Amino acid sequence: MNNQRIFSGVQPSGSLHIGNYLGAIKNWVELQNKFDAIFCVVDLHAITVPQNPEELKKKTIEAAKIYLAAGIDPEKSTIFIQSHISEHAELAWILNTITKTGDLLKMTQFKDKALIDFKEVDSAEEIGREYSKSQNLYLEEFKNWKSIFSKSYAGLFNYPILMAADILLYDTDVVPVGEDQLQHIELARTLARRFNKKFGETFVVPEPYIQKETMRIMGLDDPAKKMSKSATSEYNYISLTDDEETVRRKIKKAVTDSGSEIIYSDEKPALKNLINIYTSFSGKTFQEIEKTYQGKGYADFKNGLADILVKFLKPFQEKMNAISDEQVLGILQKGAEKVYLIAQEKMKDAKKKVGFIV
Ligand code: AMP
Ligand code: TRP
């Protein structure tokens, strides 16, 4: 254990799925043994897209239970709900005043989400896969910015500033996230440096931690799209709370490629994604999987994959169900009490530096 601090979070904005588990939460479980770890359920971020209030409450508790069932140990790590610590929003406001609009205009996640609203479609992929490849196309579209901005909310635009506040509030050294969040970490670094330069040394400049082997799990209904909480079809994802029947039904329906051989190849992106999932949950290599299913077809492979998933999810869900709402709220309350002390100190310092009377 070193004395470096890590901070990360997931939005309780939908059903957390096996992509969130493999891409984020599973890594946290390992990192908590090496770092002073803080994990947050970022509900303030979740409301940057419309949420049903009752549903948000349920999802917030569920996300925390998922952290615990995955193996985040409240004795080792601190877990808490973002909105319990008002300093996040307070620091975000101060950081707003040193963020240039141009800093935010670069953010591809905002562009994706704002364009999704503007075009009234479900995903950036639907707008055209070109968008994620070509900044120019984005810029073309953003010549339309007046009409795009008239439809999108300021919270979504300012989202990366709140994320910077989350990170800087705790003198975070390292931020473990998926590759899609790199730009946001870069902004947090810029804002830390800018604030320090303007007002004096206050914030630690954080480093991103992108696990190279972190796999992007793709949608079961379309291997060109990321598996996503906000997908409209439930056949896009396997939720961590899906029961056995649902898992088997979804895997059966998962798209596959032409041909019938079970081989791991870029030419078979749908199968490759399914083999990646198989590998991650079974510990078997893709060569071993190819061998197991030699001479067999997709039906056998899919049955095998569903078995592997159910074998992981059953005990996972049993652990989740064994935790009562009261228990998890108690843990989150304790977590908030712990981080509050750090947040309050840092906020006091930041306020003094900008010239507020404290
Ligand atoms: P989000 O679902 O966007 O709130 O992401 C929460 C965390 O899960 C981030 O660190 C993401 O990079 C990671 N993540 C989200 N979707 C996937 C996916 N399909 N595959 C791998 N990691 C993912
Ligand atoms: N924006 C992150 C995501 O969608 C979630 C997040 C919010 C986060 N605040 C954070 C991640 C601070 C790491 C650190 O995945």
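The basis for the numbers below is simple: all heavy atoms, side chains too, and nothing from hydrogens, waters or symmetry mates. Keep in mind that this is a model prediction, so the values were computed, not measured. Remember, it's 1-based here, ligands and their atoms both numbered in the order they're listed. Positions are given from 1, in the same order as the sequence printed here.
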Just which atoms of ligand 1 are under 4.0 Å from any heavy atom in V10? 6 (C)
Report yes or no: does Q4 contribute a side-chain atom to a donor-acceptor pair with the main-chain N or O of V174 at less than 3.5 Å? no
When rounded to the nearest 0.5 Å, the distance separating CG of L313 from CG of D243 is 10.0 Å
Under 3.5 Å, is there a donor-acceptor pair between the side chain of K319 and the main chain of G71? no
Measure up the F312 and Y21 rings against each other and bin them: parallel (under 30°), tilted (30 to 60°), perpendicular (over 60°). tilted
Is there a donor-acceptor pair under 3.5 Å between the side chain of Y278 and the backbone N or O of G283? no
Salt bridge check: are E244 and R248 linked by an N-O gap of less than 4.0 Å? yes
Would you say S8 has any N or O atom under 3.5 Å from an N or O of ligand 2, going by distance alone? no
Gap between atom OG of S280 and atom CD1 of I217 - 0.5 Å precision: 5.0 Å
Ligand 2 and D166, any nitrogen or oxygen pair closer than 3.5 angstrom? yes
Is L22 close enough to touch ligand 1? Criterion: a residue heavy atom under 4.0 Å from a ligand atom. no
For ligand 1, which atoms have a heavy atom of D180 less than 4.0 angstrom away? 11 (C), 12 (O)
Do side-chain atoms of D242 reach the backbone of V247 as a donor and acceptor pair under 3.5 angstrom? no
Given that the side chain starts at C-beta and the backbone is N, CA, C, O, which of these parts of Q181 lies under 4.0 Å from ligand 1, counting heavy atoms, or is it both or neither? neither
Taking K65 for the side chain and Q317 for the main chain, is one N or O donor matched with an acceptor at less than 3.5 Å? no
If you have a sec, work out which protein heavy atom is nearest atom 5 (C) of ligand 2 and how many Å separate them, to one decimal? G9 O, 3.5 Å
Out of all atoms in ligand 2, which are within 4.0 Å of some heavy atom of V177? Include the element for each. 11 (C), 13 (C)
Check ligand 2 against V175 and write out every atom of the ligand that is under 4.0 Å from a heavy-atom position of the residue. 13 (C), 14 (C)
From the candidates F7, Y159, Y170, Y209, the one that places a heavy atom nearest atom 1 (N) of ligand 2: Y159
Contact check: K229 vs ligand 1, nitrogen or oxygen atoms, below 3.5 angstrom: yes
Please work out whether any backbone atom (N, CA, C, O) or any side-chain heavy atom from C-beta onward of L162 is under 4.0 Å from ligand 2, and answer side chain, backbone, both or neither. neither
Pairwise side-chain contact, I18 with Y237, heavy-atom cut-off 4.5 Å (strictly under): no
With heavy-atom distances below 4.0 Å as the criterion, list the atoms of ligand 1 near R216. 20 (N), 21 (C)
In terms of ring plane angle, is the pair F7 and Y170 parallel, tilted or perpendicular, where the classes change at 30° and 60°? parallel
N/O separation below 3.5 Å, V177 to ligand 1: no
Find all atoms of ligand 1 within a distance of less than 4.0 Å from any non-hydrogen atom belonging to K226, and give their numbers and elements. 15 (C), 16 (N), 18 (C), 19 (N)
Going by the order shown, which atoms of ligand 2 are within less than 4.0 Å of some heavy atom of Q11? 4 (O)
Nearest heavy-atom pair of V42 and P12: which atoms, and what distance? O-CD, 3.4 Å
Closest by any non-hydrogen atom to atom 19 (N) of ligand 1: pick that one out of N276, I25, I217. I217
Logged contact type for M227 with ligand 1, heavy-atom cut-off 4.0 Å, is both
Please state which protein non-hydrogen atom is closest to atom 2 (C) of ligand 2 and give its distance, to 0.1 Å? Q181 OE1, 3.4 Å
Report the relative orientation of the aromatic rings in Y159 and H184; use parallel for angles under 30°, tilted for 30 to 60°, perpendicular for over 60°. tilted
Taking only heavy atoms of V42 into account, list the atoms of ligand 2 that are under 4.0 Å away from them. 7 (C), 9 (N)
Would K253 count as a cation-pi partner of Y235, with NZ or CZ less than 6.0 Å from the six-membered ring centre and within 45° of the ring normal? yes
Here the atoms of ligand 1 under 4.0 Å from any heavy atom belonging to A24 are 7 (C), 8 (O), 10 (O)
Take every heavy atom of M218, measure it against each atom of ligand 1, and state whether any distance is under 4.0 Å. no
May I ask you to list the atoms of ligand 1 that are less than 4.0 angstrom from any heavy atom of G23? 21 (C), 22 (N)
